[in-house]
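Structure first, commentary second.
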Protein chains: 2
Amino acid sequence: MKPVPYPTIQRFPLYLEVIKQLQIAGIKTISATDIAQNLGFTNIQVRKDIGYTGIIGKPKIGYNIKELEKVITSFLGWQNTNDAILIGVGALGSALLGYKGFEDYGLNIISGFDVNKKIVGKKIHGKTIMHIDDLKSQVKRLKVSIGILTVNQSSAQQVTDLMVKAGIRGIWNFSSENLKVPNDIVVQRENLSASLALLSVKLSHKFKTKQ
Amino acid sequence: MKPVPYPTIQRFPLYLEVIKQLQIAGIKTISATDIAQNLGFTNIQVRKDIGYTGIIGKPKIGYNIKELEKVITSFLGWQNTNDAILIGVGALGSALLGYKGFEDYGLNIISGFDVNKKIVGKKIHGKTIMHIDDLKSQVKRLKVSIGILTVNQSSAQQVTDLMVKAGIRGIWNFSSENLKVPNDIVVQRENLSASLALLSVKLSHKFKTKQ
DNA sequence: TTATGTGAACTAATTCACAGCG
DNA sequence: CGCTGTGAATTAGTTCACATAA
């Protein structure tokens, strides 16, 4: 099987959103053109992306929408809910704890961790906040493999080491620290400044439109 | 002048962060290798990226750190603070209002807008929340050109139309709606699900490491 | 005709290779 | 040497072109 390009993987969640919207509208089949128009992409790109999932569409008709949703969801590993914990319950962390959208991505944040005694033991957006000293025991107990890191840069590496020791295998890093982890741990950096940079540069007319 | 690749633009903020850290440590010159090691990139990539700014480095020594900061900052248009407003003061919107990191990106969120009467008139993280009916007059008065959109998908297009009418030129879109705007308006979509998708797929072993 | 599916052509981005300088 | 600067080679991703099917 050919390797799936990273940009394709990143577009899949957008396709899922369109699929969900159209499903709500009662639509049963969907073409690459439908998705493309909805998102402002070309139909060729969408078609090629969908091709990587191996789904077979019907010429003139398109894809069975239910089936397409299934193959993309399962490609992303979102068919079952993945439990996650979040470390660093500041402004951003609290927001993510309350963010409903993650359900669509198969992500379920079970609880938050922090060192701040004012919030430990409380609930934020319905999620219990525990002390970071309990991280290891809770990760073991809850069998969580994903950690969302929303501490500030200065404690990011230290907290990461704790997460790794606790058995976390994937880290979604919202801090700006370049985390050092063992080879078998996956880190995904979320870089808000990257898209702000694009917006700024586009606004300054240095570029044509697109992307 | 050659066009600067988008990925390069997206890496620039990361370089700036390393530069700032090393400046605090009192360092006066910095090489592409220094930055690369700090971020886990190759020195060739960093060197090529820096090359796009036109800065002249000294072989064996590297770049003057102050000067490098300046050329990257100015390339991104971050040398002066850009004022922005934020629309949709829910969980995510509130978090962004309180997010200190934006200062480094030359972004200053002046105020928030919402329709919720419970918060209109109040201050959140020191920023006044106004009613969306006042959007147009405030945008004119404050001469803001950037709008941060953190409403939910169902109202995203409607609010966008209001922003465009009010004179906003660049929209940072945190909703999952594909916004329709006139040609001269720049929209940058922030897609959290994209990096979660990468994390998920990497975790499911479908891929080797990297990126 | 309208859609899929796919090899081929093209474009973008990364990485290599090496000249030149302190 | 260690580092910059840059054209060339390579790899990755997108877009084209067209065969095929309902």
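Labels below follow one simple rule: chain letters A, B, ... track the order of the sequence lines, proteins then strands, and each chain is numbered from 1.
Taken from CG in B:Asn80 to OG1 in B:Thr73, the straight-line distance is 11.0 Å, to the nearest 0.5 Å.
Distance, A:Gln37 CD to C:dT2 P: 13 Å, rounded to whole Å. Summarising the geometry, the separation between CD on B:Gln45 and P on C:dA13 is reported as 12 Å, rounded to the nearest angstrom. Note: CZ (B:Arg47) to C1' (C:dA19) measures 12 Å, nearest angstrom. Per the geometry, NZ belonging to A:Lys48 stands 8 Å off C1' belonging to D:dT15, to the nearest Å. Remark: P of C:dT15 and CZ of B:Phe41 are 10 Å apart, rounded to the nearest angstrom. Summarising the geometry, the separation between OH on B:Tyr6 and P on C:dA12 is reported as 11 Å, rounded to the nearest angstrom. Atom OH in B:Tyr52 sits roughly 12 Å away from atom C1' in D:dG7 (whole-Å rounding). In this entry the distance linking CG of A:Leu68 with C1' of C:dT4 reads 13 Å, nearest Å.
Crowding of A:Lys140 atom NZ: a count of heavy atoms from other residues, nucleotides or ligands under 6.0 Å exceeding 12. With a 6.0 Å radius and a threshold of 12 heavy atoms from other residues, nucleotides or ligands, A:Lys20 has its NZ atom above the threshold. With a 6.0 Å radius and a threshold of 12 heavy atoms from other residues, nucleotides or ligands, A:Lys70 has its NZ atom at or below the threshold.
Across all strands, A:Ile30 comes closer than 4.0 Å to no nucleic acid atom at all (heavy-atom distances).
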Let me check something: any side-chain donor-acceptor pairs from residues 89-106 of chain A under 3.5 Å, sequence neighbours excluded? List them with distances.
from: A:Ser94; atom 1: OG; to: A:Gly90; atom 2: O; distance (Å): 2.6

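Within residues 56-67 of chain B, the residues that have a heavy atom under 4.0 Å from DNA chain D are, in order of number, B:Ile56, B:Gly57, B:Lys58, B:Pro59, B:Lys60, B:Gly62, B:Tyr63. For residues 15-22 of chain A, proximity to DNA chain D is found at no residue, defined as any non-hydrogen atom under 4.0 angstrom from a strand atom.
In this view, A:Glu17 satisfies the salt bridge (charged side-chain N to carboxylate O under 4.0 Å, His left out) rule with no residue, not counting sequence neighbours. The salt bridge (charged side-chain N to carboxylate O under 4.0 Å, His left out) search around B:Arg11 returns B:Asp49, not counting sequence neighbours. Scored by the side-chain hydrogen bond (donor to acceptor under 3.5 Å, both in side chains) test, A:Glu67 finds no partners at all (sequence neighbours excluded).
Partner of A:Leu135 under the side-chain contact (heavy atoms from CB on, under 4.5 Å) criterion, chosen from A:Ile168, A:Leu162, A:Val159: A:Leu162.
If you check C:dT4, D:dG13, D:dT15 against the side chain of A:Ile44, the one that comes closest is D:dT15.
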